[in-house]
Amino acid sequence: MITGGAMLYDASRAGNLTPASFDVAALSARGEIEGVARGRGNTYFVACQGRHWVLRHYRRGGLMGRMRGDRYLWRGEPTTRPFLEWQLTYHLHRAGLPVPAPIAARYEQHGMSYRGDILTERLPEVISLADGLKVGALSVLNWIAIGRCIRRFHDLGVCHADLNAHNVMLGRADEVFLIDFDRGSLRGPGFWRDGNLVRLRRSLEKVCYALPEDRFTEADWHGLLDGYRESSGSRTLRPRLPTSGVAR
């Protein structure tokens, strides 16, 4: 039972989750927190039911973050950020795109505001593009693979609202994944694609500002663009209702 809220989950991946599955203190007391990534809000790595998940609490950034913290204006369950992100990520995962499988999402309503969390699968043996560049320079094949990955999403009309070097994950054998689809959407062709690339470029420049010059060069960016120019030939996705459950 979730007092004043609800939980959306994939019944095939998590059939017995409770509100405690989103409670960091409870998870920590059971020894199920494996690690934490610091950012706008902490992201926790969870080992639960023999599986490895990522727990992210929604928190505002910038001035609104200082004013309202983790509170969002209540406009009804269908518009809550956890539910919207869970449904989009579920849709992308079912379509075969390289994203982590969504496990569950929940919100807690308090009057005219709500708080929220999302649980996703933890991708094995990956490192963020930002952290990878801190370790060393990437090969041209890595940059081409990143460009190809982004193009796959764009060809299917997927707009990532915060495409940056922290949300691009590098795996084995030139595997590339995208994570964190909060405020993401499905759109028709448009200049938003260029906006995504510009945002990524700015992020790369910020991450590499104090790193050796070889970590991000014009040749690297052109390698990414070369990969991006290789159209995947896919068509825009159309949302489908997920096979899931809602607990209240």
Side-chain angles (χ1 to χ4, degrees), residues 6-17 21-22 43 45-46 48-56 58 76-107 116-126 128-129 145-163 166-190 192-193 196 227-228 230-248:
M7 175 174 66
L8 180 64
Y9 61 94
D10 183 345
S12 69
R13 294 179 180 273
N16 58 343
L17 291 181
S21 302
F22 299 90
T43 297
F45 303 115
V46 180
C48 182
Q49 302 178 10
R51 301 178 182 178
H52 299 277
W53 296 336
V54 176
L55 171 62
R56 176 161 48 85
Y58 288 80
E77 180 175 285
T79 66
T80 57
R81 288 170 72 155
F83 276 27
L84 287 173
E85 182 177 358
W86 190 96
Q87 289 166 338
L88 176 60
T89 309
Y90 182 98
H91 181 57
L92 301 182
H93 188 264
R94 286 290 297 270
L97 287 170
V99 300
I103 305 301
R106 70 108 179 234
Y107 71 83
D117 307 270
I118 189 168
L119 270 171
T120 58
E121 171 190 44
R122 184 176 182 183
L123 298 170
E125 299 183 50
V126 297
S128 73
L129 174 56
I146 293 168
R148 286 173 177 164
C149 176
I150 296 170
R151 183 59 184 265
R152 284 185 65 190
F153 283 84
H154 283 183
D155 281 347
L156 291 169
V158 182
C159 177
H160 194 297
D162 191 18
L163 187 61
H166 300 279
N167 290 330
V168 177
M169 308 299 292
L170 307 178
R172 297 168 295 181
D174 297 328
E175 288 182 310
V176 182
F177 304 84
L178 298 188
I179 64 170
D180 191 354
F181 286 87
D182 181 26
R183 297 179 294 113
S185 59
L186 297 179
R187 304 184 182 184
W192 58 267
R193 297 177 177 180
N196 272 188
Y228 183 82
E230 298 178 15
S231 173
S232 66
S234 302
R235 297 181 178 180
T236 302
L237 288 170
R238 293 185 178 180
R240 293 164 49 189
L241 292 176
T243 303
S244 60
V246 178
R248 302 185 187 283

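Because the structure is a prediction, the values reported are computed rather than measured. Throughout, residue positions are numbered sequentially from 1 according to the sequence presented.
How far OG1 of Thr89 is from CD1 of Ile103: 11.0 Å, rounded to the nearest 0.5 Å. To the nearest 0.5 Å, the span separating CG on Asn196 from CZ on Phe153 amounts to 11.0 Å. How far OG1 of Thr43 is from NE2 of His166: 12.0 Å, rounded to the nearest 0.5 Å. Atom CG of Asp180 and atom CE of Met169 lie 11.0 Å apart (nearest 0.5 Å). Distance check: His91 NE2 to Leu97 CG gives 8.5 Å after rounding to the nearest 0.5 Å. Atom-to-atom distance recorded for Ile118:CD1 and Phe22:CZ is 8.5 Å, nearest 0.5 angstrom.
No donor-acceptor pair under 3.5 Å is formed between the side chain of His154 and the backbone N or O of Trp192. Under the 3.5 Å distance criterion, the side-chain polar atoms of Asn167 are matched with a main-chain donor or acceptor of Asp162.
Residue Val126 comes nearest to Gly171 through the heavy atom pair CG1-CA, 4.1 Å, listed as atom of the first residue, atom of the second, then distance. Considering every non-hydrogen atom in both Leu119 and Ser21, the closest pair reads CD1-O, 4.1 Å. Between Gly116 and Pro82, the closest heavy-atom pair is CA-CG, 3.6 Å. Between Arg151 and Glu230 the shortest heavy-atom distance is CG-O, 3.7 Å. Counting all heavy atoms, side chain and backbone alike, Trp53 lies closest to Glu121 at CD1-CA, 4.2 Å.
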**Request:** For side-chain contact (heavy atoms from CB on, under 4.5 Å), just list the numbers for Leu17 and Arg106, CA-CA rounded to whole Å, side-chain angles, deciding distance to a tenth of an Å, and then say yes or no.
**Result:** CA-CA 11 Å; Leu17 291 181; Arg106 70 108 179 234; over 6 Å; no

**Request:** Please step through side-chain contact (heavy atoms from CB on, under 4.5 Å) for the pair Leu123 and Val54, ending with a clear verdict.
**Result:** CA-CA 9 Å; Leu123 298 170; Val54 176; over 6 Å; no

**Request:** Let me see the working for Leu8 and Gln87 under side-chain contact (heavy atoms from CB on, under 4.5 Å), right down to the final yes or no.
**Result:** CA-CA 9 Å; Leu8 180 64; Gln87 289 166 338; 3.9 Å; yes

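For Phe177, there are no ring pair (Phe, Tyr, Trp, His ring centres under 6.0 Å) partners two or more places apart in sequence or in a different chain.
Among Val99, Thr120, Asp10, Leu88, the one residue that satisfies the side-chain contact (heavy atoms from CB on, under 4.5 Å) test with His93 is Val99.
Between Phe181 and His160, the ring planes are tilted. Angles from 30° to 60° get that label.
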